[in-house]
Protein chains: 2
Amino acid sequence: MLGSLIGDPARANMLTALMSGKALTASELAAEAGVTLQTASSHLSKLESAALIFRRKQGRHNYFALAGDEVGSVLEAMMGLAAKHGLTRTRTGPKDPALRKARVCYDHLAGELGVRMFDSLRARDFLAGPDDRLVLTDAGTTFISEFGVDPEQLKSPRRPLCKPCLDWSARRTHLAGILGAAMLQRVYELGWAARLTDTRIIEFSSTGERNFLNQFTTA
Amino acid sequence: MLGSLIGDPARANMLTALMSGKALTASELAAEAGVTLQTASSHLSKLESAALIFRRKQGRHNYFALAGDEVGSVLEAMMGLAAKHGLTRTRTGPKDPALRKARVCYDHLAGELGVRMFDSLRARDFLAGPDDRLVLTDAGTTFISEFGVDPEQLKSPRRPLCKPCLDWSARRTHLAGILGAAMLQRVYELGWAARLTDTRIIEFSSTGERNFLNQFTTA
DNA sequence: CGGATGCTTCGATTATGATCGAAGTATGAA
DNA sequence: TTCATACTTCGATCATAATCGAAGCATCCG
């Protein structure tokens, strides 16, 4: 059944990664999904059997890609509806504590710290409006400016400024959109954290984490 | 997660029944799904929490319906893909012959007649390009103008003009996008067909259907 | 050739969620 | 008012499938 195939978070994350249009190896997809290679292999076999993806073997590398535009289109429609309705994933996210704590989701911060940031911005009225129409308040604009994010660089006709993104591990919302991406970039610039190579883990230094928690207080 | 919500067979069967556009009671939906009333109730609660359906209580009866045309559209796309890939456990498309023939998919024509329109436009080179980049040809622009659709009103920065949409019942493509919606509106204006109240069925008069088949010939 | 890397397959573990019996509440009808 | 019907909620049961360690196969590279 298509729904249950896509409904598994690990498979959903792999399909999401493949929606970029790039062909990825099993190892890369395992990292995207935050599962072991054997688990990923098992999932990929199911997706392939369902003709949602196809594989191309190059030596010892297996490259996987979405089977066609129709697949991508349906996935996109589903994600759009899911995003609009703020649907909760049933899995609680990856086992790896580091991934649970802070990781890359597309291009913004996810995990407990990602949720923390969102909650903080919400609690302090830096973000306002219902989840499907989040806006940055004047106070919020001031806040991010002082944090080092230039509001002027956030304008884009094609991508929302603020967008809630349902966090896989925390079952709550973290901040996506242009602002989410810019905030993560700023965290990198400040040297508070860095992305571990070939994973989605974002590793904070102890000082960086302390600074982050202070900056994005929920008290 | 949307996928897993829809992926459960009982829920899938209930959603399928609701795609007719009619509101059904919990008891009716339990029968559709082949589960007890208490199980159905539990499932319906989940679907309602996910805003995929809404309920209307009339005395002791609870009527459930899909939350909107958008939900129906996504479900239809999923089912179309599932059917095409042989992933479905149930019959392809609705059992109601009227729904199979012509129904609303979001805001455009689906079903056999919807596929017929698309095939016709394709066969006569009114639409060109690969499916992910469909464009209206000059001949096509002339054709739709003569049909009574104003090309100037079709411009939108936010929505594609032509877009293929996988048809649930026919396992083939029907036309979505602005043009698809405009064409359906025109069919209504011409009095060839009308949407049945409280359903997604589009009912053609015999004259209307004859005219439609002539207009969108595949010969 | 031997060791490293990429990946598949097997099998045991366990978290998850569908399921239904039981019980309770709300509404309708006689 | 009593009984029937529609539906919700609770909780125990258990089937399912995701998960990863272990092992094996295929390919690459020094």
Side-chain angles (χ1 to χ4, degrees), chain A residues 1-15 17-18 23-50 52-65 87-100 168-169 171 197-199, chain B residues 1-15 17-18 23-50 52-65 87 89:
Chain A
M1 184 64 186
L2 180 61
S4 54
L5 266 176
I6 297 174
D8 173 73
R11 288 199 288 269
N13 280 322
M14 287 192 279
L15 291 168
L18 290 175
L24 300 172
T25 62
S27 302
E28 288 168 330
L29 289 168
E32 284 289 336
V35 294
T36 61
L37 189 55
Q38 46 267 54
T39 300
S41 181
S42 171
H43 286 310
L44 290 168
S45 177
K46 289 186 208 289
L47 293 174
E48 188 186 10
S49 295
L52 294 184
I53 61 174
F54 69 83
R55 78 172 61 192
R56 193 173 61 241
K57 191 172 171 64
Q58 293 184 5
R60 62 189 176 182
H61 290 277
N62 271 286
Y63 284 92
F64 296 88
L87 296 175
T88 305
R89 300 191 185 216
T90 54
R91 276 283 180 184
T92 54
K95 184 185 175 85
D96 187 343
L99 278 167
R100 297 180 75 90
W168 173 26
S169 56
R171 299 208 209 170
T197 307
D198 290 333
T199 78
Chain B
M1 179 61 188
L2 180 60
S4 54
L5 266 177
I6 297 174
D8 173 74
R11 289 198 289 270
N13 281 324
M14 288 192 279
L15 290 169
L18 290 175
L24 301 172
T25 64
S27 302
E28 288 168 329
L29 289 169
E32 285 286 339
V35 293
T36 61
L37 189 56
Q38 46 268 53
T39 300
S41 181
S42 171
H43 285 309
L44 289 168
S45 179
K46 289 187 209 284
L47 293 173
E48 188 185 11
S49 295
L52 294 184
I53 61 175
F54 69 82
R55 81 172 60 192
R56 193 173 59 238
K57 192 173 168 67
Q58 291 184 9
R60 61 189 175 183
H61 291 278
N62 270 288
Y63 284 92
F64 296 89
L87 296 177
R89 324 153 1 261

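Reminder, nothing fancy here: chain letters follow the sequence lines and each chain counts from 1.
Taking atom CG of residue B:Asp8 and atom C1' of nucleotide D:dT16, one finds them 12 Å apart after rounding to whole Å. One atom, CE of A:Met14, and another, P of C:dC7, lie 13 Å apart when rounded to the nearest Å. Protein atom NZ of B:Lys46 is 8 Å distant from nucleotide atom C1' of C:dA18, rounded to whole Å. Between the C1' atom of C:dT16 and the CG atom of B:Leu5 lies a distance of 14 Å, rounded to the nearest Å.
Considering all non-hydrogen atoms of both residues, B:Leu5 and B:Ala50 come closest at CD1-CB, 3.4 Å. When all heavy atoms of B:Tyr63 and B:Ala23 are compared, the pair lying nearest together is CD2-O, 3.7 Å.
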Would you tabulate the nitrogen or oxygen pairs shorter than 3.5 Å linking the protein to nucleotides 6-10 of chain D?
{"from": "D:dA6", "atom 1": "O3'", "to": "B:Arg60", "atom 2": "O", "distance (Å)": "3.2"}
{"from": "D:dC7", "atom 1": "OP1", "to": "B:Asn62", "atom 2": "N", "distance (Å)": "2.8"}
{"from": "D:dC7", "atom 1": "OP1", "to": "B:Asn62", "atom 2": "O", "distance (Å)": "3.3"}
{"from": "D:dC7", "atom 1": "OP2", "to": "B:Ser27", "atom 2": "N", "distance (Å)": "2.9"}
{"from": "D:dC7", "atom 1": "OP2", "to": "B:Ser27", "atom 2": "OG", "distance (Å)": "2.3"}
{"from": "D:dC7", "atom 1": "O3'", "to": "B:Asn62", "atom 2": "ND2", "distance (Å)": "3.2"}
{"from": "D:dT8", "atom 1": "OP1", "to": "B:Arg55", "atom 2": "NH1", "distance (Å)": "2.5"}
{"from": "D:dT8", "atom 1": "OP1", "to": "B:Arg55", "atom 2": "NH2", "distance (Å)": "3.2"}
{"from": "D:dT8", "atom 1": "OP2", "to": "B:Ser41", "atom 2": "OG", "distance (Å)": "2.5"}
{"from": "D:dT8", "atom 1": "O5'", "to": "B:Ser41", "atom 2": "OG", "distance (Å)": "3.3"}

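Once rounded to the nearest 0.5 Å, the distance linking CG of B:Leu2 with CG of B:Leu52 reads 6.0 Å.
For the side-chain hydrogen bond (donor to acceptor under 3.5 Å, both in side chains) test, residues two or more places apart in sequence or in another chain that qualify with B:Thr36 are B:Thr39. The side-chain contact (heavy atoms from CB on, under 4.5 Å) check on B:Glu28 picks up B:Leu24, B:Thr25, with sequence neighbours excluded.
Checking each of B:Leu47, B:Asn13, B:Ile53 against B:Leu18 for a side-chain contact (heavy atoms from CB on, under 4.5 Å) leaves exactly one that passes, namely B:Ile53.
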